[in-house]
Amino acid sequence: MSVLGELVRRKLALFGLVVITVVVGAALLSPWITPYPPDQQMFDGLTLEGAPLPPSAQFWLGTDLLGRDLLSRLIEGARTSLVIGVVANGAAVFIGTLVGVTAGFFGGWIGTILMRATDLMMAFPALLLAIVLAALFTPSLWIVALVIAMVNWVQVARVIYTETRSLSERDFIEAEWGIGAGRGRILVRHMIPHLVSIMVVWGTLGIATTVLLEATLSYLGVGVQPPTPSWGNIIFENQTYFTSAPWLVFFPGIAIILLALSFNLVGDALRDILDPTQKGRH
Amino acid sequence: MAAYIARRLLQAVLILIGVSFVTFVLLYLVPADPARQIAGRSATAETVANIRAQLGLDQPFYVQYGRYFMNMIQGDLGRSYLQKTEVAALIAARLPATLQLMAGALFFELLLGLTTGILAALKRGTAIDNALMVGSFIGVSAPQFVVGILLLYVFAVQLGWFPIGGYGTLAHLVLPAITLGILGAGWYSRMMRSSMLDVLRQDYIRTARAKGLDRARVVVRHALPNAILPVIAMIGIDIGLFMSGIVVVESVFGWPGIGQLAWQAIQRVDIPIIMGVTLVSAVAIVLGNLLADLIAPFIDPRIKLR
């Protein structure tokens, strides 16, 4: 059965796939489906006292402290989360794979240096490092993506390294050496195909981590900068109102949790399906 | 054993020196200028240059790092740019609050994670198992600032059971500890379940059942001790998660620990404090990993220290 077919058969993974599809769809179609322009401060978007409006028929999820439609900002913010999720995590998986394969397959002094560098990175508190970097550079969408990639490649590198090492000792690789296959051929024809499933699993699980990290950086005010909406900075902007207007924290918070949860569910199911050693453990 | 510990401690020292070097380079490269920050926006270029010279920031990189390194190995982490206090003293003053928060979080995550993990394993495949595992997934997918703010809203603002922020009594500790621990609770729950299932499949469990012991006794006396140890051994690794979490949790709850200290320093480009907290965190993470590796062979004699 195909991987997608297996995924759809699992209820939790299917739930995750549906949520991801909806969020991706909303992000792609955002110019056409947002009820109001996300940056427009509506004349009737605040109470007479200037407080945000609760959810109503006119503003489905209420308005924020500047009288902007929250639903429109959430839909627009989905773009930010997804762009950073895909770009930052794609870069992290790429760097991690490059480092892991280089160290695991070629070894030598370059491999030693790379793995010591990985050990070094493991000793950093990841979030603190990301906050320091994001705060001290002028934050922009790309800096945030870059910072997240710099922090997140380490895990991937370790997993790929371990797998590459254990693959190198398997009989079929030994046999390839025996029949005189070149390094390049072994790497491209035999190693990489075995690593793809790990890359897919980490590519999916990693997006969950990335979405959370982006939200956290933006919540602290060092991530994506207003007026570009991100689910994290919507909470950051509105948190002073959270006692009187809890929906301004609740809806973006739920959006972040649902998206991260979905990528975790799909990633976990993919690991089950793609990694035969995990069979029967669940 | 002694040789192993000695080698690992040496490695730890090397890693810490590496961390100090990398952090120093990063902070040296960032565009933010501490001298400008201290002098204020309206200061003249001359004032800024004077401050830069006072702090030694006009020196070449290797001189700056060399001086920091020589002080660091003597336990001197320098002085805060803005508060003029010794960084080591600032961290020492804040550390008890952070340790209290971490202890509370550890207690909560073990309590929730282990009980739900054991329950899920014993009820494998049932609705209870499914619900608990979905719960554990939500736990690892919820950003700490959202959990913190929602807990504050429900239990402090609406119900008034706990104070809204601050530090001191046990009541102050509950919400921040839950917030910091919820991520770990999710992980522990999944690890505990999988460890318990592994153990329940073992021959000695089948033997115990076959000789007529009742299920409850087999679970409590035979399965549990074997299943729980490998999970407990992960505590050392938790320290890394905590060290990342404290910055956010302490800022949401106004908890006066080193996370808040770091966050304030980051905003003010107070580089010696940022360096100091990063180093202290790295020490904790490295020691935590070492601890986890040292415990492992006691729990599973098949593991050999290399």
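Throughout, protein chains are lettered first and strands after them, A, B, ... in sequence-line order, and every chain is numbered starting at 1. FYI, side chains are in, hydrogens and waters are out, and symmetry mates aren't considered; it's all heavy atoms of this structure.
- Considering every non-hydrogen atom in both B:Ile285 and A:Met122, the closest pair reads CG2-O, 3.7 Å.
- Looking at every heavy atom in both residues, B:Val252 comes nearest to A:Tyr219 through CG2-OH, 3.4 Å.
- Neither the backbone nor the side chain of A:Leu258 has a heavy atom closer than 4.5 Å to any heavy atom of chain B.
- B:Arg190 and A:Asp268 get closest at one heavy-atom pair: NH2-OD1, 3.0 Å.
- Both the backbone and the side chain of B:Val140 come within contact range of chain A, with heavy atoms under 4.5 Å apart.
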Hey, can you pull the donor-acceptor pairs under 3.5 Å for the side chains in residues 152-161 of chain B, sequence neighbours left out?
residue: B:Tyr153; atom: OH; partner: B:Gln158; partner atom: NE2; Å: 3.1

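- For A:Asp64, the salt bridge (charged side-chain N to carboxylate O under 4.0 Å, His left out) partners at least two apart in sequence or on another chain are A:Arg68, A:Arg73.
- Heavy atoms of A:Val132 lying under 4.5 Å from chain B belong to its backbone as well as its side chain.
- With a 4.5 angstrom heavy-atom cutoff, A:Ala215 touches chain B via backbone and side-chain atoms both.
- Crowding of B:Trp187 atom CH2: a count of heavy atoms from other residues, nucleotides or ligands under 6.0 Å not exceeding 12.
- Ranked by heavy-atom pairs under 4.5 Å with chain A, the list B:Ser244, B:Ala284, B:Gly288 is led by B:Ser244.
- B:Val286 touches chain A through its side chain: at least one heavy atom from C-beta onward sits under 4.5 Å away, while N, CA, C and O do not.
- Contacts of B:Leu26 with chain A are made by side-chain atoms alone, with heavy-atom separations under 4.5 Å and no backbone atom involved.
- Of the possible donor and acceptor atoms, none in the side chain of B:Ser141 sits under 3.5 Å from a partner among the backbone N and O of A:Ile257.
- Counting heavy-atom pairs closer than 4.5 Å to chain A, the top residue among B:Thr278, B:Ile239, B:Ile149 is B:Ile149.
- Proximity to chain B is limited to the side chain of A:Ile235, based on heavy atoms less than 4.5 angstrom apart.
- Here the side chains of A:Leu128 and B:Trp263 are not in contact, with every heavy-atom distance at 4.5 Å or above.
- Residue A:Met121 does not touch chain B at all, counting heavy-atom pairs closer than 4.5 Å.
- Side-chain contact check for A:Phe242 versus B:Leu150: every heavy-atom pair is 4.5 Å or farther apart.
- Contacts with chain B were tallied for A:Ala117, A:Ala123, A:Ala260, A:Gly253; A:Ala123 has the most, counting heavy-atom pairs under 4.5 Å.
- Using a 4.5 Å heavy-atom threshold, the side chains of B:Val146 and A:Trp231 count as separate.
- The minimum heavy-atom distance linking B:Ser281 with A:Pro125 is given by the pair CB-CG, 3.4 Å.
- Here the straight-line distance linking atom CZ of B:Phe145 with atom OG of A:Ser218 works out to 8.0 Å at 0.5 Å rounding.
- Put simply, the side chain of B:Thr23 reaches to within 4.5 Å of the side chain of A:Phe124, judged on heavy atoms.
- With a 4.5 angstrom heavy-atom cutoff, B:Leu27 touches chain A only via side-chain atoms.
- Contact annotation for A:Leu120: both backbone and side-chain heavy atoms come within less than 4.5 Å of a heavy atom of chain B.
- With a 4.5 Å cut-off on non-hydrogen atoms, A:Leu129 touches chain B through its side chain but not through its backbone.
- A:Arg116 CZ to B:Ile15 CD1: the interatomic distance, rounded to the nearest 0.5 Å, is 7.5 Å.
- The contact between B:Ile266 and chain A is made by backbone and side chain atoms together, counting heavy-atom distances below 4.5 Å.
- When the shell of 6.0 Å around CZ of B:Phe162 is examined, it contains more than 12 heavy atoms from other residues, nucleotides or ligands.
- The contact between B:Ala262 and chain A is made entirely by side chain atoms (from C-beta outward), counting heavy-atom distances below 4.5 Å.
- Heavy atoms closer than 4.5 Å to chain B are found nowhere in A:Val211, neither backbone nor side chain.
- A pairwise comparison of heavy atoms in A:Leu220 and B:Ser251 identifies CD2-OG, 3.9 Å as the closest pair.
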